[in-house]
Amino acid sequence: MAESSGWALSADQFRQRWNQLTKPVYALSNFAGQKASFSDGVVTYMSNGMITLETDHHQAVGSVCVIAYMAAYGADHDEAHAIVNAAIDDGHSAEASGQGFAGYKTFNGHMMGVTLSPTGKVTCTYLRDKG
């Protein structure tokens with residue numbers, strides 16, 4: 001892989017990073033247009049600097065959102081785990097206050113969010129630092 005840190009500048013770079021970080025059972029398929037699937041969901045790579053991961057498997061959220069964070073930003077596991085868990089905690093706080101489940105965190109210019117739809121679909125969103 002040409003670049004191991006920094007924003008994944010292409011869908012293929014994101015897929016390569018993802019597949020290096022996961023077990024074969026979670027391997028990401030080739031992107032067809034902007035979307036690629038894995039065993040528990042779908043990843044969308046948008047050319048405007050946004051990547052989303054959607055899954056219905058709540059038990060996988062912590063792990064797949066961490067892997068997607070690492071693949072999107074080229075970040076290490078400790079950073080990814082801390083930021084994703086902080087966003088999930090924010091989501092639980094928002095939900096407890098009746099605002100619906102939505103949590104966001106920014107670290108080193110990396111912004112990510114976790115939302116839960118009324119239908120139970122979880123979406124993790126990663127935004128490219130424009131700075």
Side-chain angles (χ1 to χ4, degrees):
M1 171 173 25
E3 182 79 23
S4 61
S5 65
W7 180 257
L9 296 174
S10 69
D12 192 53
Q13 184 181 39
F14 178 89
R15 187 183 60 79
Q16 288 174 11
R17 287 179 180 175
W18 172 282
N19 288 346
Q20 287 179 347
L21 294 164
T22 60
K23 298 175 183 174
V25 69
Y26 291 110
L28 197 59
S29 64
N30 285 323
F31 278 82
Q34 295 180 318
K35 294 188 181 287
S37 60
F38 65 102
S39 60
D40 286 337
V42 175
V43 172
T44 304
Y45 185 99
M46 299 175 193
S47 60
N48 64 355
M50 184 168 85
I51 298 169
T52 62
L53 177 149
E54 295 179 7
T55 183
D56 292 322
H57 295 267
H58 292 199
Q59 69 275 17
V61 169
S63 60
V64 295
C65 286
V66 167
I67 292 164
Y69 185 102
M70 293 168 67
Y73 297 117
D76 66 34
H77 181 268
D78 289 345
E79 173 187 326
H81 190 265
I83 299 307
V84 169
N85 281 340
I88 291 171
D89 287 347
D90 273 5
H92 286 301
S93 295
E95 186 177 41
S97 65
Q99 299 172 34
F101 187 103
Y104 300 92
K105 281 293 167 194
T106 303
F107 180 78
N108 285 346
H110 305 162
M111 182 178 176
M112 69 90 47
V114 180
T115 56
L116 175 64
S117 76
T119 62
K121 184 175 294 292
V122 179
T123 303
C124 295
T125 304
Y126 311 88
L127 299 173
R128 182 177 181 184
D129 178 13
K130 303 295 186 199

Residue pair [X] / [Y]: nearest heavy atoms and the distance that separates them:
| X | Y | value |
| --- | --- | --- |
| K105 | A87 | CG-N, 3.5 Å |
| A102 | A94 | O-CB, 3.7 Å |
| L53 | V43 | CD1-CG2, 4.2 Å |
| Y69 | A75 | CE2-CB, 3.6 Å |
| I51 | F14 | CD1-CD1, 3.7 Å |

- Non-hydrogen side-chain atoms of L28 and R17 separated by less than 4.5 Å: no

- Taking the side chain as every heavy atom from C-beta outward, state whether I83 and Y73 have any atom pair closer than 4.5 Å.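 No, their side chains stay 4.5 Å or more apart.
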
- Just say parallel, tilted or perpendicular for the rings of H92 and F101, cut-offs at 30° and 60°. perpendicular

- Query: From I67 CD1 over to H81 NE2, what is the distance, rounded to the nearest 0.5 angstrom?
  - Reply: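 Reported to 0.5 Å precision, the distance equals 11.0 Å.
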
- Roughly how far apart are L127 CG and M46 CE, rounded to 0.5 Å? 10.0 Å

- Task: Start with the C-alpha gap between H110 and Y126, add the side-chain angles, then the distance that decides, and say whether side-chain contact (heavy atoms from CB on, under 4.5 Å) holds.
- Result: CA-CA 8 Å; H110 305 162; Y126 311 88; over 6 Å; no

- Message: Keeping Y45 on the side-chain end and A8 on the backbone end, is there a donor-acceptor pair under 3.5 Å?
- Response: yes

- Message: For the backbone of G41 and the side chain of T55, can you confirm whether one donor and one acceptor N or O come within less than 3.5 Å of each other?
- Response: no

- Message: side-chain contact (heavy atoms from CB on, under 4.5 Å) for T115 and Y104? Distances and angles first, verdict last.
- Response: CA-CA 9 Å; T115 56; Y104 300 92; 3.6 Å; yes

- Paired with V61, the side chain to side chain contact (heavy atoms under 4.5 Å, CB included) test is passed by just one of D40, V122, D56, namely V122

Same apolar cluster (I L V M F W Y, side chains within < 4.5 Å links), [X]/[Y]:
| X | Y | answer |
| --- | --- | --- |
| V66 | L21 | yes |
| W7 | M70 | yes |
| V42 | V114 | no |

Listed pairs under 3.5 Å, donor-acceptor, residues 30-39 side chains, sequence neighbours left out:
from : atom 1 : to  : atom 2 : distance (Å)
N30  : OD1    : R15 : NE     : 3.1
N30  : OD1    : R15 : NH2    : 3.4
K35  : NZ     : T44 : OG1    : 3.1
S39  : OG     : V25 : O      : 3.3

- Message: Is it true that, when you exclude Y26 itself, more than 12 heavy atoms of the residues, nucleotides or ligands shown sit nearer than 6.0 Å to its OH?
- Response: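 Counting neighbours around OH of Y26, 12 or fewer heavy atoms of other residues, nucleotides or ligands fall under 6.0 Å, so no.
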
